[in-house]
Amino acid sequence: MNETSGPEEAARPSDEAPIRSYEIPYRYDTTATTAQLQEKFVDLGDGEETGAVVSIAGRLMLKRDQGKIVFGVVQDGTGRIQIFAPTKTTPNFDEFAGLSLGDWIGVTGEVIKTRRGELSIRPSEWVMLAPTRRPFPDKWHGITDPDTRYRQRYVDLWVSEESNAALRNRSRIMSLTRRWLEERDFMEVETPIFHSIASGAMARPFSTHHNALDVDLYLRIAPELYLKRLTVGGFERVFEIGRVFRNEGMSTRHNPEFTMLELYWAYSDYNDIMELVEQLVSSLAMEICGSTTLVYDDKELDLSVPWKRASMLDLIEEHTGLVLSIDMDRDALAAIAVEYGVEVKEYYGTGKLILEIYEKTTETQLWGPVFVTDYPKEVSPLSRDHRTSPGLTERFEGIVAGRELCNAFSELVDPDEQLARFHDQEAERAAGDAEAMGMDLDYIRALEYGMPPTGGLGIGMDRLVMLLTGSTTIRDVVLFPTLRPEQVTGTPPEDEAQAAPPPVE
RNA sequence: GGGCCGCUAGCUCAUCGGGUUAGAGCAGGGGACUUUUAAUCCCAAGGUGCCGGGUUCGAGUCCCGGGCGGCCUACCA
C-alpha cells in the first residue's frame, strides 16, 4: 500500500516512509518449498501453465515493477522462485507493487513458466508476513564488510549464499557426526562447563564467580577429565560435542569459544582412534562434498583411507635431515632449537625442545592428511607412555590441510604416573608457563578406582567444518563469532520509540 | 600482544601531488512502461567524509592522538 491509498497515522511526519497497516496472520500454511517447485517443474516449457496451485512463503529479494506486471523473486530456506504478478489477476496489485525488498510474504497461486522461460507463481492470493523496516543491503553486492556480516548474521544469511550454505552444512556435519558415532555405540553425554580447576588442556581459562557458593569457577578449556571419569564409571563409549572456552587471541583459526568433539573408547588404543578419525572424516567428506578428494585453499586434499602415519621424530628427519632423540643432551638440543629460531626457555626439557623444533621446521610444511605420532612425554601430560619408545607417548595429532584437526592418545590410566605428570606441570607453571595443566586430585582418585585401557580423541569441529565447507576463516562457520561489543548501537531508521536500540552486552 | 592497511549517503564504490556547491550505481520517494531476469527510462531527495586536536588563506585529502575493522604474525584446536 502506498501513501495515497493507504490509511496513515496522522501523528507521523510526512517525510517518513509510508506506514503500512497489514493484518499479519498468526500462521501461514505453505504447500511447497521453492526448491521442490524448481525440481518438479524443471521440464515445463516456456509459456506453459500447470494448473497446479501452491502456497509458498519467504522474503522478497528482487522486484521488477514493469507497470502492469510486477515480477518479484521470493527466497525461502531452499532457494528462489519468481512471482509473476499481472494487474488483472493479482489481488491488491498496488500494494504488491509497493512491497519493499526484504519483506516477508506468503503467496498462493498457479505455477507457470513465463514466455522467457522463468518458472513463476502467478498469485491468486498473497499476504504480508513481516514488513522490513530497514533497507536491505545492495541486491548485487550484498554486505562486504565482514564485521557487519558477523554482527548482523540475520541479514548476511539472506544476501550471502556462501555464508548460508556453510552454516547449513555445519548443522549437517554435527548431525552426521552424532549419527555416525551413535551407529558405533557411542553415547552422547553432557559434562559440566563450570570447572573449579581448568584442566585437560594447555590453555588459559575464562573465570567467573558463583554468588551463592561464593566460589570462583572457570569455563572449561576441555571436557577431557570429566569424560574419562565416565570411563571409570563404566560408560565404555562416550562422546561429547560441546563448547569449550580458551582465553587467547583470535584469528582466522581461533574463536575464544569453539566446539570440540571429544570421545573415549574403552579397550582401544591410539591406533584404533586413528582408524576411527580417518573413517569419520572421509565419510563426512563423502556426505558433504560428494567425494573424498577436495580442494581447500586452491590445493588438493585426498582424504581417502588410510591416511599416512609417521612419528614426529621421523618427520623431523624427513624435513630437516636432523636425527634427534628424546635422550639427547638437553643443551645440545637447545642449541639446535635456537638455530631454528625457537625461543628457548630455562624450563624446556628435551621433549619440549623437540616439539618446538617440530613446530618450527616440520609442522608448517605438512599438508596432510597425516597422523603425526609419538609425542614427547614432557608435552603430553595425559597420554600413556609409548609401549616401545621410552620418553615418548602414544599420542598423535591429525594434520589436515596444513592444520591440526585433532589430538588423541592412548590414555594415561595409571594414577601414580598421572599424579607425577601433574606435579611436573605444576613445576612448569612455577617456572613461568601460564598454560601448564592444573592439578586435579579428584581425577587421580577416579583413576585409583581403575580405568581400563582407553583411546581418547578431541576434534576441533569448527576446523572440520571449515575443511568440509572450504572456509578459510573460522568466523565463516560460526553463526555469531566473538566480536568486540558494538560501541554505538544502531539507531532505528524511522522512529526511536518504535524500536529501542539493542542493549550493549 | 606486534607489524601493515582501511574507515566517504542505508548498501557498493568514486573524488589526480590540499583548491569553489564531495559524485555515481543500488535501495528508499514521485512518475512512465502488460513477459522482466541486478529490468529500463525520467524527476526529486539523501552526507557530522569514524571521533578529537593541529598545520594552512583553505583539510575528506597533510600531521598527531583516539575508536573500530581487515590482513599477516604470535598462542592454541
Side-chain angles (χ1 to χ4, degrees), chain A residues 2-4 14-18 46-47 61-73 80 82-90 93 97-102 112-120 122 132-152 155 159 200-204 221-222 224 244-262 343 359 397-400 403-408 433-435 457-466 472-475 483-488 490-494:
Chain A
N2 59 41
E3 279 181 346
T4 53
S14 58
D15 62 343
E16 291 192 347
D46 295 356
M61 299 305 285
L62 290 173
K63 191 181 72 180
R64 296 179 285 277
D65 185 344
Q66 221 264 323
K68 296 285 175 28
I69 299 178
V70 171
F71 297 90
V73 173
R80 294 181 163 196
Q82 177 168 276
I83 309 300
F84 173 84
T87 323
K88 252 187 225 169
T89 60
T90 306
F93 177 82
L99 288 170
S100 295
L101 299 190
I112 62 161
K113 195 164 254 185
T114 60
R115 283 179 219 160
R116 294 295 187 88
E118 185 71 33
L119 189 71
S120 308
R122 185 172 54 207
T132 178
R133 287 192 189 176
R134 293 180 183 263
F136 245 54
D138 188 286
K139 61 190 174 189
W140 187 246
H141 300 282
I143 309 175
T144 54
D145 176 28
D147 186 63
T148 307
R149 289 181 42 213
Y150 303 137
R151 281 189 205 284
Q152 299 184 220
V155 178
V159 299
M202 313 274 204
R204 286 155 67 178
I221 56 175
E224 172 147 359
V244 298
F245 308 85
R246 298 190 183 175
N247 208 337
E248 292 160 352
M250 294 150 65
S251 76
T252 51
R253 285 159 226 182
H254 301 266
N255 198 52
E257 53 177 309
F258 63 98
T259 301
M260 182 124 92
L261 162 65
E262 283 204 7
E343 280 183 46
E359 287 177 352
E397 287 192 359
I399 304 290
V400 183
R403 282 142 205 203
E404 294 163 28
L405 181 73
C406 65
N407 185 20
D433 184 356
E435 296 184 347
L457 166 70
I459 294 184
M461 292 303 284
D462 310 84
R463 290 196 182 165
L464 181 59
V465 175
M466 286 170 70
T472 51
T473 164
I474 195 168
R475 290 179 170 190
L483 299 170
R484 193 177 292 276
E486 211 169 354
Q487 290 296 310
V488 183
T491 39
E494 299 291 334

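Proteins come first, then strands; the chains are lettered A, B, ... in the order of their sequence lines, and each starts at number 1. Note that the structure is a prediction, hence the values are computed from the model and not measured.
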Q | Options B:A38, B:A77, B:C75, nucleotide nearest the side-chain atoms of A:Glu435 | A | B:C75

Q. Quick one: which of B:A77, B:A39, B:U34 gets closest to the side chain of A:Ile69?
A. B:U34

(Q) List the residues meeting side chain to side chain donor-acceptor pair (under 3.5 Å) with A:Thr472, not counting sequence neighbours, and say none if there are none. (A) none

Q. Rounding to the closest angstrom, what is the interatomic distance between B:G53 and B:A38 at atom P?
A. 48 Å

Q. Who passes ring pair (Phe, Tyr, Trp, His ring centres under 6.0 Å) against A:Phe71, sequence neighbours left out?
A. A:Phe84

Q.
Is A:Arg122 close enough to B:U35 that one of its side-chain N or O atoms is under 4.0 Å from OP1 or OP2 there?
A. no

Using atom names, set out every protein N or O paired with an N or O of nucleotides 9-12 of chain B below 3.5 Å, distance rounded to 0.1 Å.
{"residue": "B:C11", "atom": "O2'", "partner": "A:Asp138", "partner atom": "N", "Å": "3.2"}
{"residue": "B:C11", "atom": "O2'", "partner": "A:Gly142", "partner atom": "O", "Å": "3.1"}
{"residue": "B:C11", "atom": "O2", "partner": "A:Asp138", "partner atom": "OD2", "Å": "3.4"}
{"residue": "B:U12", "atom": "OP1", "partner": "A:Thr144", "partner atom": "N", "Å": "3.2"}
{"residue": "B:U12", "atom": "OP1", "partner": "A:Thr144", "partner atom": "OG1", "Å": "3.0"}
{"residue": "B:U12", "atom": "O2'", "partner": "A:His141", "partner atom": "ND1", "Å": "3.3"}

(Q) For a quick check of understanding: with a heavy-atom distance under 4.0 Å over all strands, which category does A:Arg475 fall into, base, sugar-phosphate or nothing? (A) sugar-phosphate

Q. Backbone N or O of A:Thr259 within a donor-acceptor pair of the A:Asp462 side chain at under 3.5 Å?
A. yes

Q. If we take the C1' atom in both B:G25 and B:C41, what is their distance in whole Å?
A. 15 Å

Q: Taking side-chain contact (heavy atoms from CB on, under 4.5 Å) as the test, write out the residues that go with A:Glu118, two or more places apart.
A: A:Gln82, A:Thr114, A:Ser120

Q: Mind checking salt bridge (charged side-chain N to carboxylate O under 4.0 Å, His left out) for A:Glu224 and listing every partner two or more places apart, or none if nothing turns up?
A: A:Lys228

**Q.** B:A24 versus B:C42 - spacing of their P atoms, nearest Å
**A.** 13 Å

Q) Residues two or more places apart in sequence or in another chain: which of them pass salt bridge (charged side-chain N to carboxylate O under 4.0 Å, His left out) with A:Arg122? A) A:Glu49, A:Glu110

Q | By side-chain contact (heavy atoms from CB on, under 4.5 Å) - contacts of A:Thr473 (at least two apart) | A | A:Tyr150, A:Thr252, A:Arg475, A:Asp476

Q: Identify, with sequence neighbours excluded, every residue that meets side-chain contact (heavy atoms from CB on, under 4.5 Å) alongside A:Asn255.
A: A:Glu257, A:Ile474, A:Val478, A:Pro481, A:Thr482

Q | Ring centroids of A:Phe258 and B:A77 base under 5.5 Å with planes under 30° | A | yes

Q. In terms of side-chain heavy atoms of A:Trp140, which of B:U37, B:A39, B:A38 is nearest?
A. B:A38

Q: Please tell me which of the listed nucleotides, B:G69, B:C76, B:U35, lies nearest to the side chain of A:Asp147?
A: B:G69

Q. Base, backbone or nothing for each nucleotide of nucleotides 40-49 of chain B, written B, S, -, heavy atoms under 4.0 angstrom, 5' to 3'?
A. ----------

